[in-house]
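Below is one structure, written out as structure tokens; comments come after it.
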Protein chains: 2
Amino acid sequence: MNITSDDARVRLLEAALDLFTEKGYAAASVSEIVRRAGVTKPMLYYYFKNKEGIYSELMAQALTDFKILLKKYENVEKDVYIQINNMFRDIMNLHAARLKYARLIYAMVYGPPQGAPFIDFEEYHAIMAEMLNKMIRKGVENGELEDVVTEDFTTVLLSVLFFCMDTQIIKCSCMMDSEDVSRITGKLFDKIIIKRGEG
Amino acid sequence: MNITSDDARVRLLEAALDLFTEKGYAAASVSEIVRRAGVTKPMLYYYFKNKEGIYSELMAQALTDFKILLKKYENVEKDVYIQINNMFRDIMNLHAARLKYARLIYAMVYGPPQGAPFIDFEEYHAIMAEMLNKMIRKGVENGELEDVVTEDFTTVLLSVLFFCMDTQIIKCSCMMDSEDVSRITGKLFDKIIIKRGEG
DNA sequence: CAAAAAACCTACTTATCGGTAAGTAAACCC
DNA sequence: GGGTTTACTTACCGATAAGTAGGTTTTTTG
């Protein structure tokens, strides 16, 4: 069967994403989701197990692209500053492009589950921290960076990245983009870079 | 009438704080709040206007201490590094002591309102950013700090502070406290301090 | 063309929601 | 002692929640 963007299933997912983002899992009702999708309620139960099922489907979609992006920077051997810069740029751009999904994830990370199924976001946080630690250690080993306390520098870098991501989530007076991230982390690296990578 | 911690009103507030923190505004029902408080439902409507009213009362309590703390550091004229260090320590300690309230606020800042009344948390964010900008400019004027782009340095400092606060909110593998904040921001200042304050 | 599958519907279920009406009991005050 | 106020109760309201039974219509397939 030919799946198009007009399909009921796709419209249901879009409506659910909108309403979960606007209102949260508990406050977004099944009735409202199907109304916005333009179908009747049993249709939701035809395509998904239940309310929790459509939510999990959305979460799976939200995390897929992020996993792919992380895999791209898994094994960095040199030009650590440039690679970290590129990775942060890619993360910020993906984040900006998928803001609705990002809002959904933020709500689950920082807020209570409100009856939504559990997803371990800390796993991704730990993966990112470990990747940065590896990259920075490699940079020190390569002589690209001066010897720093890797964990603390990783903390500062992640802090800046997350802060800038946050400014796109909350209605912030100073919204920041990937150029802001590059500029600020560039200044941080300037204090410890010994030799820049080729580029 | 003698108000004690066993009073129905206090027990209702405590139960509401627990349930709003655990489940979120929408998913925490009035029935559950009064059940946990050990009273009947009309009691909640006797002490508060409605569900929204008890929530707003909790928010007011949560923000009061934070406002007092910010006022304490409103007008800093010298020893900028030490003052910022002290302010961050106080914020981290208040945060750690009021984690339940902090969780409630985080859920509202990063998640959808879920029908809860609107509170402008961005105001506090902007106030903190402006305070730090002022302090850092004052430090540069005093010759305590080398000339930096104030906004960027403020961004990095706030990033580290919020990151460490975040690690206490989410179930994080590396929970950070005020000493971590002091150590990391100390390293950041070491790169730009010209003359330390007395003490 | 008929059967099967897919996609959809109406009508309905049970349970719980936020909230209130009307009342009772205890404490207080004149 | 009686009236008032405070603190509390039971019983109930209308509305909406998530979800399903049983059916119809449309599309696909042999």
Side-chain angles (χ1 to χ4, degrees), chain A residues 1-59 104 107-108 111-118, chain B residues 1-59 104 107-108 111-118:
Chain A
M1 177 189 294
N2 190 22
I3 308 283
T4 76
S5 66
D6 286 330
D7 265 4
R9 185 178 190 277
V10 170
R11 294 205 315 275
L12 278 163
L13 282 165
E14 286 169 354
L17 176 60
D18 285 351
L19 283 162
F20 286 149
T21 301
E22 287 166 24
K23 302 183 161 209
Y25 181 81
S29 66
V30 170
S31 297
E32 216 168 354
I33 293 171
V34 300
R35 190 179 311 126
R36 189 173 290 200
V39 299
T40 55
K41 193 185 285 186
M43 285 297 289
L44 189 142
Y45 295 91
Y46 177 74
Y47 284 108
F48 307 95
K49 189 178 191 309
N50 48 23
K51 185 181 184 184
E52 183 174 310
I54 193 168
Y55 172 86
S56 298
E57 176 70 26
L58 284 173
M59 276 297 148
L104 210 53
M108 295 320 300
Q114 335 169 18
F118 175 76
Chain B
M1 176 188 293
N2 191 23
I3 308 285
T4 76
S5 65
D6 284 331
D7 266 4
R9 186 178 190 278
V10 170
R11 294 205 316 275
L12 278 164
L13 282 165
E14 286 167 357
L17 176 59
D18 286 349
L19 284 162
F20 286 149
T21 301
E22 287 165 24
K23 300 184 164 211
Y25 183 81
S29 66
V30 170
S31 297
E32 215 168 353
I33 292 171
V34 300
R35 190 180 311 128
R36 189 173 290 199
V39 298
T40 55
K41 192 185 286 186
M43 286 295 289
L44 188 142
Y45 295 91
Y46 176 75
Y47 284 109
F48 306 97
K49 188 177 189 311
N50 47 24
K51 184 181 185 184
E52 183 174 310
I54 192 168
Y55 172 85
S56 298
E57 176 71 26
L58 284 173
M59 276 297 149
L104 208 52
M108 295 321 299
Q114 332 170 16
F118 174 77

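Every heavy atom of this structure was used, including side-chain atoms; hydrogens, water molecules and symmetry mates were not. A, B, ... follow the sequence lines: proteins, then strands. Residue 1 opens every chain.
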Pairs: protein N or O with nucleotides 18-25 of chain D N or O, under 3.5 Å:
residue	atom	partner	partner atom	Å
D/dA18	OP1	A/Val30	N	3.4
D/dA18	OP1	A/Lys51	NZ	2.9
D/dA18	OP2	A/Val30	N	2.8
D/dA18	N7	A/Lys41	NZ	3.1
D/dG19	OP2	A/Tyr45	OH	3.2
D/dG19	OP2	A/Lys51	N	3.1
D/dG19	N7	A/Lys41	NZ	3.3

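- Here B/Met59 contributes atom CE and B/Ile54 contributes atom CD1; the two are 12.5 Å apart, rounded to the nearest 0.5 Å.
- We find the OH-CG distance between A/Tyr47 and A/Leu12 to be 8.0 Å, quoted to the nearest 0.5 Å.
- Every pair passing salt bridge (Lys or Arg N to Asp or Glu O under 4.0 Å) that includes a residue from residues 38-57 of chain B is listed here, sequence neighbours excluded: B/Arg9-B/Glu57.
- Between B/Thr40 and D/dC8, a side-chain N or O to OP1/OP2 separation shorter than 4.0 Å is absent.
- At least one side-chain heavy atom of A/Leu58 sits under 4.5 Å from a side-chain heavy atom of A/Leu13.
- One can place OH of B/Tyr46 at 16 Å from P of C/dA21, the figure rounded to the nearest angstrom.
- Within the model, atoms CZ of A/Phe20 and OH of A/Tyr55 stand 8.0 Å from one another, a figure rounded to the nearest 0.5 Å.
- In this entry the distance linking CZ of A/Arg9 with P of C/dA6 reads 15 Å, nearest Å.
- If you take OH of B/Tyr47 and P of C/dT20, they are 17 Å apart, rounded to a whole angstrom.
- Between the C1' atom of C/dG18 and the OH atom of B/Tyr55 lies a distance of 18 Å, rounded to the nearest Å.
- Computed from coordinates, the B/Arg35 CZ to C/dG18 P distance equals 11 Å when rounded to whole Å.
- Note: CZ (A/Phe48) to C1' (C/dA7) measures 14 Å, nearest angstrom.
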Pairs of donor and acceptor atoms involving the side chains of residues 27-38 of chain A, under 3.5 Å and at least two apart or interchain, shall be tabulated with distances.
residue	atom	partner	partner atom	Å
A/Ser29	OG	A/Glu32	N	3.1
A/Glu32	OE1	A/Lys23	NZ	3.3
A/Glu32	OE2	A/Lys23	NZ	2.9
A/Arg36	NH1	A/Glu22	OE2	3.0
A/Arg36	NH2	A/Glu22	OE1	3.3

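- Spacing between atom CG of B/Leu19 and atom P of C/dC17 amounts to 11 Å, rounded to whole angstrom units.
- Rounded to a whole Å, the CE atom of B/Met43 is 17 Å from the P atom of C/dA25.
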